[in-house]
Visitor: 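After the structure tokens below, expect a handful of questions from me.
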Amino acid sequence: MTAPEIAALRAIYGRPSADRIAELIDATDALAAALQTLRTNPTRDGADRIANQLHGMHRSASQLVAVLAQEVAE
């Protein structure tokens, strides 16, 4: 791959995998706290927030797969 091709791919995929993994670790900590709160105070809104959080984490993890595949190909 040429340098312009790599730059174009970085523009598409954004942050490197290490940054994305660190963000997912932070999100996991936040999710655990939200689940503890939901256990002691179960509400529909709390469950909905957790579902949205999990959906966002799933999207991030899916993007991470593409970024890692691209980084390995470089």
Side-chain angles (χ1 to χ4, degrees):
M1 275 192 160
T2 65
E5 289 173 329
I6 292 171
L9 290 172
R10 284 202 175 122
I12 293 169
Y13 292 108
R15 300 171 320 280
S17 63
D19 292 349
R20 292 172 184 266
I21 291 167
E23 288 170 3
L24 280 169
I25 291 168
D26 291 343
T28 301
D29 294 341
L31 178 63
L35 286 167
Q36 290 292 337
T37 300
L38 186 64
R39 181 169 58 176
T40 59
N41 184 23
T43 63
R44 181 183 167 111
D45 287 342
D48 192 46
R49 279 191 298 275
I50 288 173
N52 287 332
Q53 211 171 346
L54 285 168
H55 178 69
M57 290 174 73
H58 178 264
R59 284 188 4 224
S60 293
S62 296
Q63 291 171 349
L64 177 60
V65 171
V67 170
L68 284 169
Q70 195 57 48
E71 287 178 359
V72 169
E74 291 178 359

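The shown structure was predicted, so the numbers you read here are calculated from the model rather than taken from an experiment. Values reported hereafter were calculated over all heavy atoms of this structure, with side chains retained and with hydrogens, waters and symmetry mates removed.
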Visitor: Could you tell me which residues satisfy side chain to side chain donor-acceptor pair (under 3.5 Å) with E23, sequence neighbours excluded, listed by chain and number?
Guide: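 If we apply the side chain to side chain donor-acceptor pair (under 3.5 Å) test to E23, skipping adjacent residues, the hits are R15.
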Visitor: Would you say the side-chain atoms of E71 pair up with the backbone N or O of P16, donor to acceptor, closer than 3.5 Å?
Guide: no
Visitor: When rounded to the nearest 0.5 angstrom, what is the spacing between NE2 in H58 and NE2 in H55?
Guide: 8.5 Å
Visitor: If you group Ile, Leu, Val, Met, Phe, Trp and Tyr whenever their side-chain heavy atoms sit less than 4.5 Å apart, what else falls in with L24?
Guide: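 Hydrophobic cluster check, L24: joined to I21, I25, L31, L35, L38, I50, L54, M57, L64, L68.
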Visitor: So how far is it from D48 CG to Q53 CD, rounded to the nearest 0.5 Å?
Guide: 11.5 Å
